[in-house]
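Input: a single structure, listed below in structure tokens.
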Amino acid sequence: MPPKPKTAVSPTREENYPEWYQQVIKAADLAENSPVRGCMVIKPWGYAIWENIQRVLDGMFKATGHRNAYFPLFIPKSYLEKEAQHVEGFAKECAVVTHHRLQQGKDGKLVPAGELEEPLVVRPTSETIIGEMYAKWVQSYRDLPILINQWANVVRWELRTRLFLRTTEFLWQEGHTAHATEEEARVETMKMLDVYADFAQNFMAMPVLKGKKTEGERFPGAVDTFCIEAMMQDRKALQSGTSHFLGQNFAKASDIKFLDESGQLRHAWTTSWGVSTRLIGGLVMTHSDDDGLILPPKLAPAHVVIMPITFKAENPGAVLEYCQKLAAELRAQTFAGRAIEVELDARDLRGGDKVWSWVKKGVPIRLEIGPRDMAADSVFMARRDKATNEKAGVPRAQFVASVAGMLQEMQDNLFARAKAYRDANFKVIENEADFRAYFTPPGGAKDESDGPTPIHGGFAIAHFNGDKAIEEKIRQELAVTVRCIPLPGQVSGADEAGKCIFTGQPSPQRVVWAKAY
RNA sequence: CGGGGUGUAGCGCAGCUUGGUUAGCGCGUCUGACUGGGGGUCAGAAGGUCGGGAGUUCAAAUCUCCCCACCCCGACCA
């Protein structure tokens with residue numbers, strides 16, 4: 001029997017970060033791998049987080065004038081072929097439906113039959129089919145803008161997958177808008193980028209950088225791709241949301257045309273923007289520790305868990321009743337615009353198991369309530385953002401009155417902690433030698449073929465003149481890429497001109513380099 | 001699709017080189033008792049086509065051949 005681990009999750013982040021990530025997901029019961037390779041089963045606790053993400057974002061989309069609709073899962077192959085770069089970008093990872101029926105074969109097994117005249121592609125994204133519909137809906141400038149979002153699943157046949165971060169099928173939302181002018185479409189692109197940044201920082205408590213992608217990292221078919229980039233605890237970057245200015249590329253491919261005020265026939269300008277279940281991976285890797293998940297209160301499926309301690313109570317029923325009454329009191333409180341969510345866990349489990357199960361699930365506040373607490377009319381409280389054994393008795397009334405404030409404080413603490421970590425691992429780099437040293441792990445391991453490399457590096461802020469060949473060379477040699485060209489004011493010192501650290505050529509500003517998911 | 005590796009109980013593994021009675025171990029699971037505010041102890045129980053097929057042999061988890069699946073690395077990616 002191996003020695004009992006000191007932490008609820010093993011290995012620890014330090015020991016093996018990728019494995020730790022998997023173990024946190026398992027310990028928190030968020031999701032598991034499915035029988036279908038590369039696809040995941042999102043379990044209730046994980047799905048509840050997604051539902052909270054959906055609820056908040058959906059409200060933000062509605063508030064910015066968007067409406068939900070739903071477009072088909074299947075896209076005729078010919079649609080995908082309309083935009084050249086788009087084809088190139090997605091063709092290699094499409095699931096294709098070629099038949100519509102199964103028949104019993106000679107050996108009794110089912111074989112596909114009824115071949116389709118035109119194969120259908122399972123959507124990897126919906127620009128093409130939505131464009132096709134918009135072309136019908138738009139005749140006049142009076143029909144614009146169209147501001148639509150859809151919540152859907154998409155399939156990208158990835159070769160290497162990781163729960164939440166990259167799966168063959170994933171859930172997301174994709175906004176698709178069409179506008180009469182370039183200016184309006186550009187404003188829309190930036191507006192939604194701001195919505196994502198706002199959501200990431202104020203709800204996920206995940207600091208993000210807003211920036212623009214380089215040509216190589218751009219969405220296939222887009223004119224400009226903007227992104228929010230977050231730093232995980234292994235100091236790698238996670239692209240957490242994207243907003244694309246598509247110019248007239250898709251409007252031309254799908255023939256979205258309208259007559260303007262002067263009677264001129266013009267192509268519309270379109271945008272698209274999305275975030276996915278990958279955000280849950282970001283949530284895990286931003287806040288969690290070696291005891292499991294830590295949830296920002298605003299997205300936690302439960303804010304408070306109450307565990308009645310009834311084993312040596314003379315009257316267990318009274319303790320339970322006290323807990324139920326407390327739960328009702330708490331539910332009457334609001335936090336961040338919704339009722340406080342309370343779990344009352346009266347399962348017949350040993351105390352330790354029960355407590356640790358909620359620690360691992362990341363519930364912000366845990367209450368253990370036994371006869372002694374009831375007698376004192378108090379609660380015995382622990383917070384997930386503090387040490388597990390740091391518990392204290394608090395008078396019940398005081399706790400109820402302060403719970404919302406405490407949750408907000410935890411939300412703020414998580415953000416502050418994540419931001420401090422990110423800022424501590426931001427480094428302005430002025431020459432190539434320092435750059436290479438920064439991204440070379442201790443011990444000098446080149447890649448991860450001999451196991452995970454120690455946590456190292458971070459976000460490097462360095463001048464770069466945009467040479468694609470150099471970007472590719474750095475990617476090959478160091479597995480480091482330009483995560484984004486930060487928008488003005490996002491990174492202090494990034495906006496000034498200088499010289500590219502690789503070529504010495506003039507560079508208009510510094511860009512953000514990092515290893516990425 | 002190239003290189004490497006692994007398939008034995010729910011999970012992790014031993015056994016295989018040197019074939020030999022009812023195939024083991026750890027964890028987990030279930031039941032009960034004692035317990036219990038840092039995940040406890042004891043007793044008992046369930047659970048296996050040894051990835052599949054063919055062959056060699058008196059005898060195959062073990063040797064041979066074929067097939068399948070999965071994992072890791074590379075190329076590609078939200």
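FYI, side chains are in, hydrogens and waters are out, and symmetry mates aren't considered; it's all heavy atoms of this structure. Protein chains get the first letters and strands the later ones, always in sequence-line order, with residue 1 at the start of each.
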Query raised in the report: When rounded to the nearest Å, what value does the distance between C1' atoms of B:G48 and B:G15 take?
Result: 15 Å
Side-chain donor-acceptor pair present, [X], [Y], cut-off under 3.5 Å:
X	Y	value
A:W356	A:D291	no
A:T271	A:T177	yes
A:K213	A:H244	no

Requested in this report: Could you tell me whether the side chain of A:R350 has a donor or acceptor atom within less than 3.5 Å of a complementary atom in the base of B:G36?
Outcome: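 In this structure, the two groups form no donor-acceptor pair.
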Report task. Can you sort out which residues in residues 374-382 of chain A have a heavy atom within less than 4.0 Å of RNA chain B? Ascending by number, please. Result ->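 Heavy-atom cutoff 4.0 Å gives A:F380.
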Donor-acceptor pairs are to be reported for all side-chain atoms of residues 162-172 of chain A against protein atoms at under 3.5 Å, with residues two or more places apart or in another chain.
unit_1, atom_1, unit_2, atom_2, d
A:T167, OG1, A:E169, O, 2.8
A:E169, OE2, A:N153, ND2, 2.8
A:W172, NE1, A:E174, OE2, 3.4

Query - Given A:H66, A:H176, A:Q173, the one that forms side-chain hydrogen bond (donor to acceptor under 3.5 Å, both in side chains) with A:N149 - result: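 Passing option: A:Q173.
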Requested in this report: Under 4.0 Å between any heavy atoms, over every strand shown, what does A:K360 touch: base, sugar-phosphate, or nothing? Just pick one.
Outcome: base
Requested in this report: Look at all strands and tell whether A:K391 reaches a base, only sugar-phosphate, or nothing, counting heavy atoms closer than 4.0 Å.
Outcome: sugar-phosphate
Report task. Check whether the ring centres of A:H86 and A:F219 lie less than 6.0 Å apart, and answer yes or no. Result ->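 Between A:H86 and A:F219, the centre distance is under 6.0 Å.
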Identify all pairs in which a protein N or O lies below 3.5 Å from an N or O of nucleotides 76-78 of chain B, and state each distance.
unit_1, atom_1, unit_2, atom_2, d
B:C76, OP1, A:R475, NH2, 3.1
B:C76, OP2, A:R475, NH1, 3.2
B:C76, OP2, A:R475, NH2, 3.1
B:C77, O2', A:E158, OE2, 3.0
B:C77, O2, A:R166, NE, 2.0
B:C77, O2, A:R166, NH1, 2.9
B:C77, O2, A:R166, NH2, 2.6
B:C77, N3, A:R166, NH1, 3.3
B:A78, O3', A:Q239, NE2, 2.8
B:A78, O3', A:R278, NH1, 3.0
B:A78, O2', A:R278, NE, 2.8
B:A78, O2', A:R278, NH1, 2.1
B:A78, O2', A:R278, NH2, 3.4
B:A78, N6, A:T167, N, 3.4
B:A78, N6, A:T167, O, 2.5

